[in-house]
Number of protein chains: 2
Amino acid sequence: MMELTRKGEYAIRGIVYLAGKQPDKVCLLSDIAEAVDVPPTFLAKIFQQFSKIGLVKSYRGTGGGFMLGRAPEQITLLEVVEAVEGPILPNRCLAVPTDCERSCSCNVHPVWQRVQGEVRQVLGGVSLKDLVNEQ
Amino acid sequence: MMELTRKGEYAIRGIVYLAGKQPDKVCLLSDIAEAVDVPPTFLAKIFQQFSKIGLVKSYRGTGGGFMLGRAPEQITLLEVVEAVEGPILPNRCLAVPTDCERSCSCNVHPVWQRVQGEVRQVLGGVSLKDLVNEQ
DNA sequence: TACTAAAAAGACTGTTTATATCCTTTTAGG
DNA sequence: CCTAAAAGGATATAAACAGTCTTTTTAGTA
């Protein structure tokens, strides 16, 4: 359980690739897709989501492409994952707290809150800089 | 992301209900299902899985039903969740470590391992006894 | 201005997983 | 042997996942 989808996996690969390029290099989507072995049309959707929230900057037309929206050390894995997979929610009751009290007199609720907190803390503590291969 | 399914939610409700009964009380599936508001046929499948691994004991025929397989303090939430949802695997690469090296030169891999570890630790630290309402 | 390169946006499709339900079989008691 | 209960298997529907295709918008260039 709790599995990252392909979309999330691809998202990480794609943006980590960008993070490994020099700061102002504009990369073609097609090149990124090939480099990280992801279907280009699928990666396009992912990068559109990134672009909307500023994780990457996009440029259209000739000479266009993508570059990182911020410095690699200022983008966390948590942001990347939540950008495409939605918020970390181990249980629905964390999204809508009101309806939980009733359904389970919820001693379980605080446990899921802790799970959520731990996961967010781990992913939030890792930046893209930590993920690129130095060499 | 990382959401528990209905099955997992129902599983917890059902077994916590059992844990709240006196130790040797045999409960009808139909009664449990009604008490925790879960479709009886669905809960049946869940309890079959529990039964196979000994989390609950089942008795067939007249006077049959279910009771907890061990004392409530000896069953963790982790066991319950993994029984019906499968192992905690934030990423596929944790299941088959061999194919990860290639695909991502995986600096991400150890992060997912940490996530897995934290989640398992939280869920493993909670027993059914902690989850029943005392009163 | 027209042409071309690139991303953005939206519709569409096939596959898999989730969420059940139903029916038949097995087991046990009375 | 009749009935109560769980076990097992097949089926159905809906949602999510994984991806493709086409059209539109934007921007640079001849």
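Computed from heavy atoms alone, side chains included, the values below leave out hydrogens, waters and symmetry copies. Numbers restart at 1 for each chain; the letters A, B, ... are given by sequence-line order, proteins then strands.
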Asks: Mind jotting down which residue pairs meet the salt bridge (charged side-chain N to carboxylate O under 4.0 Å, His left out) criterion with at least one end in residues 60-76 of chain A? Sequence neighbours excluded, please.
Replies: A:R70-A:E79

Asks: For B:F47, which contact category applies under a 4.0 Å heavy-atom criterion: base, sugar-phosphate, or nothing?
Replies: nothing

Asks: For each nucleotide in nucleotides 17-30 of chain C, reading 5' to 3', give B when a protein heavy atom comes within less than 4.0 Å of its base, S when such contact involves only the sugar-phosphate, and - otherwise.
Replies: --SSB----BBBS-

Asks: Could you state the CE-P distance from B:M67 to D:dA5, rounded to the nearest angstrom?
Replies: 17 Å

Asks: Test question: given the 4.5 Å side-chain rule for I, L, V, M, F, W and Y, name all other residues clustered with A:Y59, or answer none.
Replies: A:V26, A:M67

Asks: Can you tell me which residue pairs pass the salt bridge (charged side-chain N to carboxylate O under 4.0 Å, His left out) test with a partner in residues 15-36 of chain B, sequence neighbours excluded?
Replies: none

Asks: What pairs with B:Q49 under side-chain hydrogen bond (donor to acceptor under 3.5 Å, both in side chains), at least two apart in sequence or on another chain?
Replies: B:K7

Asks: Just checking B:K52: base, sugar-phosphate only, or nothing, at a heavy-atom cut-off of under 4.0 Å?
Replies: sugar-phosphate

Asks: For A:E9 and D:dC17, what is the distance between atoms CD and C1' respectively, to the nearest whole Å?
Replies: 15 Å

Asks: List in numerical order all residues of residues 14-30 of chain B for which some heavy atom is under 4.0 Å away from an atom belonging to DNA chain C.
Replies: none

Asks: Kindly write out the residues that satisfy side-chain hydrogen bond (donor to acceptor under 3.5 Å, both in side chains) with A:E82, not counting sequence neighbours, or none if the list is empty.
Replies: A:R120

Asks: Rounded to the nearest Å, what distance is computed from the CD atom of residue A:E3 to the P atom of nucleotide D:dA16?
Replies: 18 Å

Asks: Can you list every ring-ring contact (aromatic ring centres under 6.0 Å, His included) pair that touches residues 8-34 of chain A, not counting sequence neighbours?
Replies: A:Y10-A:F42

Asks: Let me know the distance between CD of A:Q48 and P of D:dT26, rounded to the nearest Å.
Replies: 14 Å

Asks: How many Å lie between CD1 on B:I46 and P on D:dA6, as a whole number?
Replies: 14 Å

Asks: Please tell me if the side chains of A:V80 and A:L128 come closer than 4.5 Å, counting only heavy atoms from C-beta onward.
Replies: yes

Asks: Quick one: is A:S51 getting a side-chain N or O under 4.0 Å of the C:dA8 phosphate, OP1 or OP2?
Replies: yes

Asks: Report the distance from atom CD of A:Q49 to atom C1' of C:dA9, rounded to the nearest whole Å.
Replies: 13 Å

Asks: Partners of B:E85 by side-chain hydrogen bond (donor to acceptor under 3.5 Å, both in side chains), sequence neighbours excluded?
Replies: B:T5

Asks: Before giving the answer on salt bridge (charged side-chain N to carboxylate O under 4.0 Å, His left out), spell out for B:R114 and B:E118 the whole-Å C-alpha distance, their side-chain angles and the decisive distance to 0.1 Å.
Replies: CA-CA 6 Å; B:R114 282 175 52 209; B:E118 296 289 345; 5.7 Å; no

Asks: Could you give the CG-to-C1' distance, from B:D31 to D:dA5, as a whole number of Å?
Replies: 12 Å

Asks: Rounded to whole angstroms, how far apart are CD on A:E34 and P on C:dA6?
Replies: 14 Å

